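FYI, the numbering just counts along the sequence from 1. In this text, all values refer to a predicted model and were calculated from it rather than measured experimentally.
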Amino acid sequence: MGKRVALVLAGCGVFDGSEIHEASAALVHLSRGGAEVKIFAPSIEQRDVVNHLKGSPTEEKRNVLVESARLARGNIQDLAELKASEFDAVIFPGGFGVAKNLCSWAVDGKNCTVNEHVNSTLQAFHSAKKPIGLCCISPVLAAKVFPGCEVTVGQDKNVDGRFPDAETASAIVELGCKHICKNVNESHVDKANKIVTTCAFMCKAPLHEIFDGIGTMVQEVLKLA
């Protein structure tokens, strides 16, 4: 029987929701790994709505759960209904929606607050010693909720211009966590906390390399499960 995995989304679109390629990659790798997946998102208003053609915010109001349903092909549940006891693992794709909707990192950095249902979900899986997979910017959720954990968001220096958000690694260290430098096609496993992270689009890399890196994260999560 395949592992039961919860996938948590933050909207639909890189600038104000979940990064679509990351969410899709995670779902493909989970499918290949024989996992049974259910998708969740919090039913809250997005912090902002961005016109992805212009890259600028609009006056629209959108709901994170409703927008995430686009990625889930309509098959999605409110995050408030997620019960860790019904799953073997949980995975969070990245995208600015994680830093805007699932927490306030986009505005407050290391002083951010984490959405109550996101926080309780992370705590429930961690307490049950079930693996947590995070990619792109979503490792900051673990850094905020689990002081002392190990995560990666890629490199801590902007190597060859490929890691423009390398300062995120420093903020993670300031939270009392350990940042592990990894390439885009790699992931890091914090065995003590069962947290698996990969940098995905925190690195400027070809899409197939990002896809492969997410694959290593998913494989490690399924192994731990």
May I ask you to decide whether [X] forms a salt bridge with [Y], counting only side-chain N to carboxylate O separations under 4.0 Å?
X    : Y    : value
R162 : E209 : yes
R47  : D16  : no
R62  : E45  : no
K110 : E174 : yes

Give the minimum heavy-atom separation between [X] and [Y], together with the two atoms involved.
X    : Y    : value
C177 : F146 : SG-O, 3.7 Å
A142 : C149 : O-SG, 3.6 Å
S18  : A10  : OG-N, 2.7 Å
N185 : T216 : O-CG2, 3.6 Å
L224 : K194 : O-NZ, 3.8 Å
L79  : P42  : CB-N, 3.7 Å

Do T198 and S187 pair up side chain to side chain, a donor and an acceptor below 3.5 Å, judged on atom types alone?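 Side chains of T198 and S187: no pair found under 3.5 Å.
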Apply the test side-chain contact (heavy atoms from CB on, under 4.5 Å) to residues V98 and F92: give CA-CA distance (whole Å), side-chain angles for both, the deciding distance (0.1 Å), then the verdict. CA-CA 9 Å; V98 171; F92 289 76; 5.7 Å; no
Same cluster (ILVMFWY, side-chain, under 4.5 Å), L71 and I39: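 Yes: a chain of side-chain contacts under 4.5 Å links L71 to I39.
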Should V114 and I195 be counted in the same cluster of Ile, Leu, Val, Met, Phe, Trp and Tyr side chains packed under 4.5 Å apart?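 Hydrophobic grouping puts V114 with I195.
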Is the backbone of [Y] close enough, under 3.5 Å, to the side chain of [X] for a donor and an acceptor to pair up by distance?
X   : Y   : value
R4  : A35 : no
E60 : V49 : no
E86 : K83 : no
S68 : V64 : yes

Run L7 and L27 through side-chain contact (heavy atoms from CB on, under 4.5 Å) and show every step you take. CA-CA 8 Å; L7 187 82; L27 287 166; 3.8 Å; yes
Given E36 and K3, is the salt bridge (Lys or Arg N to Asp or Glu O under 4.0 Å) satisfied, shown in steps? CA-CA 6 Å; E36 177 188 339; K3 301 299 181 181; over 6 Å; no
Show me the pairs that pass ring-ring contact (aromatic ring centres under 6.0 Å, His included) and involve residues 190-225, at least two apart or across chains.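 Sorted result for residues 190-225: H29-F211.
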With ring-ring contact (aromatic ring centres under 6.0 Å, His included) as the rule and sequence neighbours excluded, what pairs involving residues 42-67 come up?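 For residues 42-67, and leaving out neighbouring residues, the ring-ring contact (aromatic ring centres under 6.0 Å, His included) pairs sorted by first residue read F15-H52.
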How about CZ on R70, more than 12 heavy atoms from neighbouring residues, nucleotides or ligands closer than 6.0 Å, or not?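 Not buried by this count: 12 neighbours or fewer within 6.0 Å.
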Can L134 and I91 be said to form a side-chain contact (heavy atoms from CB on, under 4.5 Å), step by step? CA-CA 6 Å; L134 305 142; I91 288 177; over 6 Å; no
Working to the nearest 0.5 Å, report the span between CD of E59 and CG of N51.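 Between atom CD of E59 and atom CG of N51 there are 12.0 Å.
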Using the side-chain hydrogen bond (donor to acceptor under 3.5 Å, both in side chains) rule, collect all pairs that involve residues 124-152, keeping only residues at least two apart or in two chains.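 Sorted result for residues 124-152: H126-N193, E150-H188.
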Look at the aromatic rings of F40 and F87 and report parallel, tilted or perpendicular, splitting at 30° and 60°.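 Taking F87 first and then F40, their aromatic rings stand perpendicular (interplane angle over 60°).
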